[in-house]
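Below, all heavy atoms of this structure are taken into account, side chains as well, without hydrogens, waters or symmetry copies. A, B, ... follow the sequence lines: proteins, then strands. Residue 1 opens every chain.
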Amino acid sequence: MKKILKNVRGTKDILPDESYKWQHIEQRVRKIFEVYNYKEMRTPIFEETELFARGIGELTDIVSKEMYTFFDKGGTSLTLKPEMTASVMRAYLQHEVNKQIPLFKVYYISPMFRQERPQAGRLRQFHQIGAEAIGSPNSEVDAEIIALALHIIENFDIKNYTLKLNSVGCQNCRPAYKEVLREYLRKFYDLLSEDSKNRVERNPLRVLDSKDEKDKAVVENAPLIYEYLCGNCAEHFEELKGILDAIGIKYELDPFLVRGLDYYTKTAFEIISPDLGSQDAIAGGGRYDLLSKELGGPEVPGVGFALGIERMMLILEKNAYNFGEVSKPFVYVAYLGSNLRNFALNIVFSLRKKMIPCEMELLNRSLKSQMREADRQGVRFVVIIGEDELRNNKCTIRDMKSGEQFGVELSQILEFITSRYAQEASTN
RNA sequence: GUGAGUAUAGCUCAACCGGUCAGAGCGCCAGGUUGUGGCCCUGGAGGUUGCGGGUUCGAGUCCCGCUACUCACCCCA
């Protein structure tokens, strides 16, 4: 006996009883992006490892321990994309989009890969919906990205969430703040957790969002970045808050919100939900004005966000959200006796050419089984073809909703069904 | 990478102190209707109780190891 293989840890199969939910989400989301004038963009599932190492930052957790990296047969180090922004920027620079389009607005729906220990809301292959606006340093674009992320969430009737907002400064002001913070943390070094002790010199900002109680106590009185933002960053942050206020978006300032990717500048935000487990961020994003140069390109500002589809799905399931229905055939053609098989096939293919969803018996079962199958599939009409009917040049058509049955001339079958189908379509 | 919990039919779960305890519901199949679904009734298929050891007269039940899953830490979407 051969061993039955199973899916890889941290991955999930999406069977038909789930896939219609994904389609529902994707459809609605695409519509929203259209409304905001974002066009879809697709990039390869893998990239040269160097792209992520340079873009995201060697020292980040993502790059240092979570990437699926392998060598292809030519000896090139490749990596399954752990996030999308670096890929989008790479493509933007490669195709010199900056010379063609002043503001490049794109969205994506794509799988991402990170080798972490799986848990609620954390998969090794997970899916993100996201958008990037590349080319404008203006705060109204930050606001648009935030509004867009919230629009998507609210479109699915998610109300229980918090938008957390922060500014992490830029290359001009962040180093100075880092130094101030480092000095402060050194004073309380002995009180910090082991993890945080290691971060003090390497990346003191990360101590700020530690969940460790000891760290929290120290961080409580730490100097805030707001007092150290340069003029440009402070102005940008004030403008953004002003716009959010003006368009009625509520946010919570969180000076301890730090993003795990090095490329973020100025705006950083996260949308969290108490309906998720300990992985409570449904979406996150921010501004990345340094990324382009990091990748060897010109200075090009950008903002973006990403939303975890599986995490949103967890919330929707919890809310008993209505995903609509699985698509079902309109007609089931049942037949009795193998000599009528071709006749049944003929009807089915004719209906299909008219784009009417239909199914027929493919397992040669009893009429009772065929009727049960038709019911299970939720069809509206069953066309029954048997010797009795054929003798009179007719077939029986049963309305599964009302239970009515009609004797229909063979030549009239297509007409009967198409007119009913049109009726059905017009009432919906 | 660290810690804790769980592992019984396709699915959700039951089986008191180890002793007819291998079961139920759902689903699937068939019959009740010699050619008609849903409801109802009856019956059937389907399990080497995750894998490997051990203790015992006897293990789904206790012990050890392995694996997987789940949750949490960590990190993030």
Side-chain angles (χ1 to χ4, degrees), chain A residues 1 3-4 6-10 12 15 17 56 60-66 82-85 109-130 149 152-153 193-196 198-199 206 209-213 215 257-261 268-273 276-286 304-315 332 334-337 340 361 363 365-390 395-405:
Chain A
M1 254 257 284
K3 184 182 157 196
I4 292 179
K6 45 179 305 191
N7 64 314
V8 172
R9 185 163 155 82
K12 274 212 156 58
L15 301 186
D17 61 342
I56 301 172
T60 60
D61 282 21
I62 292 177
V63 173
S64 66
K65 49 192 193 201
E66 296 172 2
E83 60 105 37
M84 193 71 175
T85 307
I109 300 176
S110 171
M112 304 293 162
F113 306 84
R114 286 168 18 192
Q115 187 162 179
E116 299 181 86
R117 192 83 165 255
Q119 67 181 75
R122 189 163 79 187
L123 283 287
R124 294 248 282 190
Q125 176 179 166
F126 60 103
H127 298 79
Q128 288 187 334
I129 290 167
I152 290 173
I153 288 168
S193 67
E194 285 310 306
D195 283 341
S196 288
N198 295 326
R199 292 180 188 130
R206 297 299 290 281
D209 69 346
S210 169
K211 285 179 193 164
D212 187 283
E213 289 305 324
D215 294 342
L257 173 63
V258 178
R259 315 248 58 228
L261 298 83
F269 69 92
E270 222 166 66
I271 299 167
I272 60 169
S273 166
L276 289 169
S278 71
Q279 308 303 315
D280 62 355
I282 175 168
F305 84 91
L307 175 150
I309 301 182
E310 285 87 350
R311 289 187 185 176
M312 185 163 78
M313 207 85 102
L314 285 176
I315 298 175
Y332 193 92
Y335 71 95
L336 290 143
L340 297 179
E361 174 62 13
L363 292 171
R365 289 171 286 187
S366 68
L367 182 62
K368 186 185 174 78
S369 298
Q370 297 187 47
M371 293 305 287
R372 192 171 29 232
E373 187 63 45
D375 181 58
R376 190 166 24 219
Q377 303 232 11
V379 307
R380 181 62 198 276
F381 290 100
V382 178
V383 175
I384 302 168
I385 305 158
E387 302 291 354
D388 293 355
E389 285 87 350
L390 278 198
C395 75
T396 299
I397 297 184
R398 182 177 175 86
D399 182 337
M400 296 295 273
K401 202 166 160 187
S402 67
E404 280 177 283
Q405 294 204 160

Might you list the N or O atoms of the protein lying below 3.5 Å from N or O atoms in nucleotides 41-43 of chain B, with each pair's distance?
none

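- You won't find any donor-acceptor pair under 3.5 Å spanning the side chain of A:Gln370 and the base of B:U36, going by distance alone.
- Nearest nucleotide to the side chain of A:Asp280, out of B:A77, B:C76, B:G37: B:C76.
- Under the rule for a salt bridge (Lys or Arg N to Asp or Glu O under 4.0 Å), A:Arg372 has no partner lying at least two apart in sequence or in another chain.
- Judged as a side-chain hydrogen bond (donor to acceptor under 3.5 Å, both in side chains), and not counting sequence neighbours, A:Gln128 has no contacts.
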Identify all pairs in which a protein N or O lies below 3.5 Å from an N or O of nucleotides 44-46 of chain B, and state each distance.
none

> Once Watson-Crick and G-U wobble pairs under 3.5 Å are found, how is RNA chain B written in dot-bracket notation, 5' to 3', with | for any base paired to another strand?
Replying inline: (((((((..((((.....[...)))).(((((.......))))).....(((((..]....))))))))))))....

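- Considering only side-chain atoms of A:Ala120, the nucleotide from B:C71, B:A77, B:U36 that sits closest is B:C71.
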Under 3.5 Å, N/O pairs linking protein and nucleotides 1-4 of chain B:
| from | atom 1 | to | atom 2 | distance (Å) |
| --- | --- | --- | --- | --- |
| B:U2 | O4 | A:Arg117 | NH1 | 2.4 |

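- With B:G37, B:G35, B:C74 as the choices, the nucleotide that has an atom nearest any side-chain atom of A:Met400 turns out to be B:G37.
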Under-3.5 Å N/O pairs linking protein and nucleotides 29-32 of chain B:
| from | atom 1 | to | atom 2 | distance (Å) |
| --- | --- | --- | --- | --- |
| B:C29 | OP1 | A:Arg376 | NH2 | 3.2 |
| B:C29 | OP2 | A:Arg376 | NH1 | 3.3 |
| B:A30 | OP1 | A:Ser369 | OG | 3.0 |
| B:A30 | OP2 | A:Ser369 | OG | 3.4 |
| B:A30 | OP2 | A:Arg372 | NH2 | 2.4 |

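- Remark: A:Thr396 pairs with A:Glu389 by the side-chain hydrogen bond (donor to acceptor under 3.5 Å, both in side chains) rule, at least two apart or across chains.
- When distances run from any side-chain atom of A:Arg9 to the nucleotides B:A77, B:G38, B:C69, the shortest one goes to B:C69.
- In this structure, A:Asp375 has no salt bridge (Lys or Arg N to Asp or Glu O under 4.0 Å) partners at least two apart in sequence or on a different chain.
- Scored by the salt bridge (Lys or Arg N to Asp or Glu O under 4.0 Å) test, A:Lys12 finds no partners at all (sequence neighbours excluded).
- Partners of A:Arg380 by salt bridge (Lys or Arg N to Asp or Glu O under 4.0 Å), not counting sequence neighbours, listed by chain and number: A:Asp399, A:Glu424.
- Partners of A:Gln405 under the side-chain hydrogen bond (donor to acceptor under 3.5 Å, both in side chains) rule, at least two apart in sequence or in another chain, are A:Arg398.
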